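Taking it in order: structure first as structure tokens, then the write-up.
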Amino acid sequence: VKTMKARVILLMGMCLALAGHAVYAQQIGDVLKGLQKGVGGGSAASETEIVNGLKEALQIGTGNAVQTVSKVDGYYKNPKIRIPLPDTVQKTEKILRVAGYGSKVDEFELSMNRAAERAAPEAKTLFMDAIKQMTFTDAKKILNGREDEATLYFKDKTSPRLREVSKPIVRQAMGEVGVTKSYQDLEQSARSVPFAGAFSFDLDQYVTDKALDGLFLMVAEEEKKIRQDPVARTTDLLKKVFGSKQ
């Protein structure tokens with residue numbers, strides 16, 4: 001019973017940790033009300049309550065991650081997930097800039113990040129589906145697992161489908177924001193510069209892979225907040241709860 005209650009309290013802390021996002025404040029309040037009923041009255045939480053509590057916390061966390069990356073500059077102005085120039089372009093970047101093509105280099109990099117920002121919202125539905133499919137065993141593993149256990153769960157459940165769904169969306173977004181044209185202009189410029197060399201990589205795959213890497217990094221950061229950054233008054237309690245993991 002104590003262990004079960006401790007997990008419910010942990011979930012309360014997890015939800016409180018996300019309260020800094022004002023847009024989700026009402027959702028979090030609803031989650032807390034439901035969890036408090038499980039703690040209050042001296043009754044142990046059921047498996048269903050534990051799973052549902054974790055699901056709601058993860059819905060908020062993944063929602064925050066998707067919202068963060070899908071806004072303008074969500075990728076481009078976040079140094080942790082900004083999509084860099086492909087290696088083959090980086091090798092000739094200095095030569096291209098000296099030759100006067102710096103603006104084309106910058107335009108290409110910006111356009112890749114804009115495409116990733118356009119495509120990111122599609123991940124939300126797949127995350128929600130993965131959460132709906134979560135079992136009590138999955139929930140228990142996440143609660144008692146590593147600090148990125150939930151992120152690993154999402155990678156396992158969504159990565160193949162995300163890549164399948166995201167690639168054509170990224171391709172379309174790249175056409176809309178001019179990635180392909182920027183790349184073609186840059187490649188043509190490179191051909192006119194001695195020693196610049198030729199570019200050789202799959203542009204669609206590169207942007208898709210980097211976009212998903214960045215998305216999962218932000219999911220991991222949200223999970224870290226849930227586990228490690230609860231409001232100050234519950235920090236000691238949560239340390240005690242984590243210390244009692246089986």
Side-chain angles (χ1 to χ4, degrees), residues 1-19 21 24 27-28 30-39 43-69 80-81 122-166 212-231 234-246:
V1 175
K2 290 183 178 179
T3 300
M4 199 71 74
K5 286 186 177 180
R7 285 176 179 162
V8 176
I9 295 171
L10 169 60
L11 291 174
M12 291 174 64
M14 290 165 73
C15 295
L16 284 169
L18 298 168
H21 300 269
Y24 297 104
Q27 290 176 276
I28 295 170
D30 293 339
V31 173
L32 290 178
K33 288 178 183 177
L35 292 174
Q36 284 170 343
K37 290 179 181 179
V39 176
S43 60
S46 67
E47 291 185 0
T48 299
E49 288 171 325
I50 291 174
V51 173
N52 288 342
L54 180 58
K55 282 183 176 182
E56 290 197 45
L58 293 177
Q59 284 173 357
I60 296 169
T62 54
N64 287 343
V66 172
Q67 183 184 51
T68 296
V69 301
K80 294 180 180 179
I81 63 173
E122 295 300 320
K124 188 171 183 178
T125 298
L126 294 181
F127 284 150
M128 295 303 106
D129 288 343
I131 290 171
K132 289 177 183 178
Q133 296 169 16
M134 186 178 293
T135 65
F136 177 70
T137 299
D138 294 327
K140 184 177 180 181
K141 183 178 179 181
I142 289 172
L143 287 173
N144 294 326
R146 293 160 289 184
E147 67 174 17
D148 63 344
E149 199 70 50
T151 303
L152 294 175
Y153 170 82
F154 286 120
K155 282 186 176 181
D156 179 61
K157 298 294 184 181
T158 68
S159 283
R161 182 60 179 155
L162 262 178
R163 293 184 190 286
E164 180 184 345
V165 170
S166 296
L212 294 182
D213 287 347
L215 174 59
F216 281 118
L217 180 60
M218 297 312 295
V219 170
E221 289 206 348
E222 287 296 328
E223 181 178 2
K224 187 175 181 180
K225 290 177 186 177
I226 291 173
R227 292 182 184 276
Q228 298 183 0
D229 296 335
V231 291
T234 63
T235 299
D236 291 338
L237 177 58
L238 289 180
K239 285 181 180 179
K240 181 177 179 182
V241 170
F242 274 114
S244 66
K245 291 189 300 182
Q246 294 180 348

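What you see is a predicted model, and the numbers here were worked out from it, not measured in a lab.
For the atom pair Thr62 OG1 and Leu58 CG, the distance stands at 7.0 Å (nearest 0.5 Å). Taking OG1 from Thr158 and CG from Leu212, the interatomic distance works out to 8.0 Å, rounded to the nearest 0.5 Å. Taking NZ of Lys225 as the start and CG of Asn64 as the end, the distance is 7.0 Å to the nearest 0.5 Å. Atom CG of Leu215 and atom NZ of Lys124 lie 12.5 Å apart (nearest 0.5 Å).
For the pair Met134/Ile142, a side-chain contact is recorded, criterion being any heavy-atom separation below 4.5 Å from C-beta on. The shortest distance between side-chain heavy atoms of Met128 and Ile131 falls below 4.5 Å. Between Ile81 and Asp213, every side-chain heavy-atom pair lies at or beyond the 4.5 Å cut-off. Contact annotation: the side chain of Asp156 never approaches that of Leu152 to less than 4.5 Å [non-hydrogen atoms, C-beta and beyond].
Across Thr151 and Ala220, no two heavy atoms sit closer than the pair OG1-CA, 3.2 Å. Between Glu222 and Gly61, the shortest heavy-atom distance links the atoms CG-O, 3.3 Å.
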Taking it one step at a time, do Thr125 and Val165 satisfy side chain to side chain contact (heavy atoms under 4.5 Å, CB included)? CA-CA 11 Å; Thr125 298; Val165 170; over 6 Å; no
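Remark: the backbone N or O of Asp148 is not paired with any side-chain donor or acceptor of Lys224 at under 3.5 angstrom. The backbone N or O of Thr135 sits less than 3.5 Å from a side-chain atom of Asp138, completing a donor-acceptor pair. Between the side chain of Glu223 and the backbone N or O of Glu149, at least one donor-acceptor pair lies under 3.5 Å.
Salt-bridge check for Arg161 with Glu164: passed, with a basic side-chain N closer than 4.0 Å to an acidic carboxylate O.
Two rings, from Phe127 and Phe154, have their centers less than 6.0 Å apart.
Relative to the six-membered ring of Tyr153, Lys141 misses at least one condition, a distance below 6.0 Å or an angle of at most 45° to the axis.
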